[in-house]
Peer 1: 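For reference, the structure I am asking about is given below.
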Amino acid sequence: AERYKGHARIIDALPAIARQALDVTYLVGGAGDDLPALAAQAVARGVRDRVIFAGAVPADELADHYALADVFAMPSTGEGFGIVFLEAAMMGLPLVGGAVDGSADALADGQIGRLVDPLHEPQLVAALLEALAGRQQRDAAAVHRFAFVNFARHVDLLLGDLLDARTPAAVP
């Protein structure tokens with residue numbers, strides 16, 4: 001049900017990444033129904049020893065899993081917003097996401113992380129290698145646009161605009 005997230009695309013990209021970043025491992029969190037197919041795909045691509053399927057990760061262990069990572073990637077084609085990008089950004093990780101869905105909003109249109117065409121494997125490989133090498137540039141201040149106080153202020157402004165638009169103008 002969550003194939004759109006792009007796990008299969010990263011597994012397909014792993015052989016090219018491994019040729020340049022020799023000590024790379026892909027950690028997949030979650031307990032989706034596609035895990036057997038993803039494991040078979042990793043075997044077929046010759047990277048099964050580089051993929052760890054962690055299963056469902058309890059909320060109180062998320063920070064520990066992010067701390068294991070050097071980069072967070074979800075080259076999605078159907079993500080609504082991608083709150084996981086914000087979690088990973090707050091942990092200081094470089095980010096790679098798909099440019100064709102709500103991930104662009106979570107990545108502040110590329111200010112917080114690298115947006116790629118998730119269906120273009122060479123672009124995905126390049127972005128992941130760039131992030132792994134520590135060459136990804138991002139506007140650190142852009143992450144704070146999603147801090148609760150800033151987000152609440154933005155929602156208040158939007159609601160105020162909406163209410164103003166619905167209030168009929170006074171008749172002189």
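Atom set for the values below is all heavy atoms of this structure, side chains included, hydrogens, waters and symmetry mates excluded.
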Peer 1: Tell me the closest heavy-atom pair linking Ala106 and Ile112, and the distance in Å.
Peer 2: O-CD1, 3.7 Å

Peer 1: What pairs with Asp12 under salt bridge (Lys or Arg N to Asp or Glu O under 4.0 Å), at least two apart in sequence or on another chain?
Peer 2: Arg45

Peer 1: Looking at every non-hydrogen atom in both residues, tell me the closest pair between Leu27 and Ala54 and how far apart they are.
Peer 2: CD1-CB, 3.8 Å

Peer 1: For residues Leu14 and Tyr26, determine if any side-chain heavy atom of one lies less than 4.5 Å from a side-chain heavy atom of the other.
Peer 2: yes

Peer 1: Going by heavy atoms in the side chains, are Val100 and Leu119 under 4.5 Å from each other?
Peer 2: no

Peer 1: Are any of the side-chain heavy atoms of Leu62 and Glu87 separated by less than 4.5 Å?
Peer 2: yes

Peer 1: What is the distance from atom CE of Met91 to atom CG of Asp64, rounded to the nearest 0.5 Å?
Peer 2: 8.0 Å

Peer 1: Let me confirm one number: the CZ-CZ distance from Phe53 to Arg48, rounded to the nearest 0.5 Å.
Peer 2: 5.0 Å

Peer 1: Applying a strict under-4.5 Å side-chain criterion to I, L, V, M, F, W and Y, I'd like to know whether Leu38 and Phe72 cluster together.
Peer 2: no

Peer 1: Atom CD1 of Ile83 and atom CG of Leu86: how far apart are they, to the nearest 0.5 Å?
Peer 2: 4.5 Å

Peer 1: Out of Leu68, Ile52, Val51, which residue meets the side-chain contact (heavy atoms from CB on, under 4.5 Å) rule with Thr25?
Peer 2: Ile52

Peer 1: Do Tyr66 and Val84 come close enough that some side-chain heavy atom pair is under 4.5 Å?
Peer 2: yes

Peer 1: Any idea which heavy atoms bring Leu95 and Ala88 closest together, and the distance?
Peer 2: CD2-CB, 3.6 Å

Peer 1: If you measure from CD1 on Ile10 to CE on Met74, what distance do you get to the nearest 0.5 Å?
Peer 2: 9.5 Å

Peer 1: Side-chain heavy atoms under 4.5 angstrom apart, residues restricted to Ile, Leu, Val, Met, Phe, Trp, Tyr: same cluster for Leu128 and Leu93?
Peer 2: no

Peer 1: State the CZ-CG distance between Phe81 and Leu107, to the nearest 0.5 angstrom.
Peer 2: 8.5 Å

Peer 1: Please round to the nearest 0.5 Å and tell me the distance separating atom OG of Ser76 and atom CZ of Arg3.
Peer 2: 14.5 Å

Peer 1: Identify, with sequence neighbours excluded, every residue that meets side chain to side chain contact (heavy atoms under 4.5 Å, CB included) alongside Ala127.
Peer 2: Val96, Arg114, Val116

Peer 1: Any idea which heavy atoms bring Ala18 and Val24 closest together, and the distance?
Peer 2: CA-CG1, 3.9 Å

Peer 1: Can you confirm whether Asp60 is buried at CG, in the sense that more than 12 heavy atoms of other residues, nucleotides or ligands lie under 6.0 Å from that atom?
Peer 2: yes

Peer 1: Where the side chain of Gln20 meets the backbone of Leu129, is there a donor-acceptor pair that is under 3.5 Å apart?
Peer 2: no

Peer 1: For residues Phe85 and Val71: do they belong to one hydrophobic cluster (side chain heavy atoms under 4.5 Å, members Ile, Leu, Val, Met, Phe, Trp, Tyr)?
Peer 2: no

Peer 1: Taking all non-hydrogen atoms of both residues into account, name the closest pair between Ser103 and Glu79 and its distance.
Peer 2: OG-CB, 3.7 Å

Peer 1: Any link between Leu124 and Leu115 through a network of hydrophobic side chains (Ile, Leu, Val, Met, Phe, Trp, Tyr) touching at under 4.5 Å?
Peer 2: no

Peer 1: Restricting to non-hydrogen atoms, name the atom on Arg9 and the atom on Tyr4 that form the minimum distance, rounded to 0.1 Å.
Peer 2: NH2-O, 2.9 Å

